[in-house]
Amino acid sequence: RQQGQTTQKSTSSGGRVRSQTMAAADSYFMNRLPKKLTDLDLGASGLVDRLRRASTTTKVAVCVSVAGGVLLLRRRRKGKPPAPQPTSYYCHEPPVKSFVTGADSALVRGMSSSGPGARDPETVPELLKRLETNTTKAVAWEENGAWRDLTWADYVSLVRQAARAMIAIGLEPRKGVGIIGFNSLEWVVADLGCVLAGGLAAGIYATNGADAARYVLDHSSAQLCFCDGAAQLEKIRKAAETLPKLKKIIVWGGALCGNQPVSSCGRVDGVEVLKFDFHIGGADADKAARRSDALTWRGFLNNAPEDPAPLLERVDEAEPGHACTLIYTSGTTGTPKAVMISHDNVTWVVASFAAFVGFGKAPGGRERLVSYLPLSHIAAQAIDIYAGLVCTGRDGVQSSTLYFARPDALKGSLKDTLNAVRPTVFFGVPRVWEKFAEALQAVGAKTTGAKKKISTWAKRVALRRYLAGVAGA
């Protein structure tokens, strides 16, 4: 607002804010704002803190925040001005590099002396190394009606084996690796193996068609693609016909030899493969022929050499600010859009969020999570892939185990998984909670008499306990 402007504004209660007071407040702040944000060494966060402190001396309380790099000033109608955070919480050091447009460059953020901003940047390889001897349970999945699991030590070993195999079959640094399928051990191992090998993991929504899958693989310069079962294999096979950069397809799950849409099955140089034909000709025929063998998951892992040197070289090159993952939109309103996620980005956000929600407060510090939301989305990746990786063995988290739901989870089987696992942390989108509420309300509507009174009392007690826990968090 221009200095000296005098306007009267009615409040909802019918009272008026005096124009003279408004003008005085405007003058006070305008005289203290810099001509340019860069004129202040404090940066945006320091400016916010300065204005918050200044608002306590004026007759009009002001809320200050920063959104998208834009300073927002809002008049507060009631209450006291918010207490300023300790200045050490703000990153007084400006970022050395605040944005990049290519995967070869690394972001470098500013640091604080204490608080969340003081957390040291970490890479995914560093976190994996931290857990290489941890014997608590990391992941679990159902197989033939029984639960199987891997310890963190075995899980890290499998991820490293996958990373060595990717390098062996041609994955270059900063190149994409597509992953399409339902949540599974193979999905997360392929993702972390790609990151460990210096690639860019690019999840593809399982519901995407061949055209959307082709776009993601092409846009990410994918050299490898992992797919779940025969249906996804057929989809990627069609997409691969026009993707000369794609070197190999790896399939897990239902695409077994015998009755699947592949032309033959056998072993090439001792490695189990699935063969299928590319129906193209001309100059691209030879390139397609070299990609015509789709590795099975077991065949893929058998490509991993024992020599760790090539992998260690990639690990040494990784910096916290390097991009490690590409998150694509679903493509429902156009071609999918990508966001580069760095090591430091995902590990810092997960650590900060875990501290905020009290991750590790489960009995004995033993957390249990259920994986069912699409892993191509950053929310599911943060909870399913990175929460345990970042937090296990720290801040009271003795163990963190990820349980994979069945592929038909959202069609009804999720309830069975929840009953079996009894997760200590459960992340859901609004529609999931709405389904829970609808089911509970449907059961409640049929309950009568003493049973109704007892259930109502129990829900009231549970709500009070929950609210008390939130208040004390």
Side-chain angles (χ1 to χ4, degrees), residues 89 114-142 146-160 183 185 188-189 191-192 195 343-373 375 378-405 414 417-428 432-433 461-473:
Y89 269 61
S114 64
R119 183 181 181 85
D120 290 332
E122 293 179 304
T123 66
V124 173
E126 290 170 349
L127 294 173
L128 288 167
K129 182 174 179 58
R130 188 178 65 85
L131 295 171
E132 63 184 1
T133 60
N134 190 298
T135 57
T136 61
K137 190 187 302 183
V139 291
W141 66 98
E142 281 188 277
W147 285 95
R148 297 186 58 187
D149 58 70
L150 287 177
T151 65
W152 278 103
D154 292 335
Y155 182 42
V156 171
S157 177
L158 184 58
V159 168
R160 287 173 172 168
N183 305 17
L185 174 66
V188 297
V189 169
D191 183 280
L192 288 175
V195 174
H343 296 257
D344 185 31
N345 185 329
V346 68
T347 58
W348 185 89
V349 168
V350 169
S352 300
F353 183 71
F356 177 75
V357 301
F359 195 70
K361 290 186 176 180
R366 302 185 180 278
E367 301 285 3
R368 298 184 301 276
L369 306 95
V370 170
S371 175
Y372 72 102
L373 292 174
L375 282 169
I378 188 57
Q381 287 194 22
I383 300 296
D384 299 356
I385 298 179
Y386 288 102
L389 188 63
V390 171
C391 301
T392 299
R394 293 173 169 172
D395 303 323
V397 182
Q398 299 300 316
S399 67
S400 176
T401 307
L402 179 67
Y403 293 81
F404 292 103
L414 179 60
T417 302
L418 295 177
N419 285 332
V421 174
R422 299 182 67 82
T424 56
V425 175
F426 181 78
F427 177 76
V432 171
W433 299 111
V461 171
L463 178 60
R464 284 203 301 265
R465 182 175 179 180
Y466 168 77
L467 293 175
V470 171

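Computed over heavy atoms, backbone and side chain alike; hydrogens, waters and symmetry mates excluded. Numbers here are sequence positions counted from 1.
Looking at Arg366, its side chain never comes within 3.5 Å of a backbone N or O of Gln398 through a donor-acceptor pair. In this structure, the side chain of Trp348 does not engage the main chain of Arg119 through any donor-acceptor pair within 3.5 Å. Arg130 contributes a side-chain N or O that, together with a main-chain N or O of Val390, makes up a donor-acceptor pair within less than 3.5 Å.
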(request) Assess whether side chain to side chain contact (heavy atoms under 4.5 Å, CB included) is satisfied between Leu375 and Asp191, documenting all intermediate values. (result) CA-CA 10 Å; Leu375 282 169; Asp191 183 280; over 6 Å; no

(request) Take Val357 and Phe427, measure what side chain to side chain contact (heavy atoms under 4.5 Å, CB included) needs, and give me the verdict at the end. (result) CA-CA 12 Å; Val357 301; Phe427 177 76; over 6 Å; no

(message) ring-ring contact (aromatic ring centres under 6.0 Å, His included), that's the test. Do Tyr386 and Phe353 meet it? Break it down for me.
(response) CA-CA 11 Å; Tyr386 288 102; Phe353 183 71; over 10 Å; no

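Remark: Trp147 CH2 to Phe404 CZ distance equals 9.5 Å, nearest 0.5 Å. To the nearest 0.5 Å, the span separating CG on Leu150 from OG1 on Thr401 amounts to 11.0 Å. Within the model, atoms CH2 of Trp152 and OG of Ser400 stand 6.0 Å from one another, a figure rounded to the nearest 0.5 Å. Rounded to the nearest 0.5 angstrom, Thr123 OG1 and Asp344 CG are separated by 10.0 Å. In this structure, OG1 on Thr347 lies 9.0 Å from CG on Leu389, to the nearest 0.5 angstrom. Atom CG of residue Leu131 and atom CG of residue Leu127 lie 7.5 Å apart, to the nearest 0.5 angstrom.
The environment of CG in Asn134 is crowded: more than 12 heavy-atom neighbours from other residues, nucleotides or ligands sit within 6.0 Å. Heavy atoms from other residues, nucleotides or ligands lying under 6.0 Å from CZ of Arg394 number more than 12.
At a threshold of 4.0 Å, the pair Lys129-Glu132 counts as salt-bridged, since one of the basic side-chain nitrogens sits closer than that to a carboxylate oxygen.
The nearest pair of heavy atoms linking Ser371 to Asp384 is OG-OD2, 2.8 Å. Ala387 approaches Ile383 most closely through the heavy-atom pair CB-O, 3.2 Å. Across every non-hydrogen atom of Tyr155 and Ala138, the tightest pair is CD2-CB, 4.0 Å. When every heavy atom of Ala405 is checked against every heavy atom of Val370, the shortest pair comes out as CB-CG1, 4.1 Å. Across all non-hydrogen atoms, the minimal contact from Leu373 to Ala380 is O-CB, 3.7 Å. When every heavy atom of Tyr372 is checked against every heavy atom of Gly428, the shortest pair comes out as OH-CA, 3.2 Å.
The only option from Asn419, Leu418, Thr417, Thr424 that meets the side chain to side chain contact (heavy atoms under 4.5 Å, CB included) definition with Val421 turns out to be Thr417.
Between Arg422 and Tyr403 the shortest side-chain heavy-atom distance does not fall below 4.5 Å.
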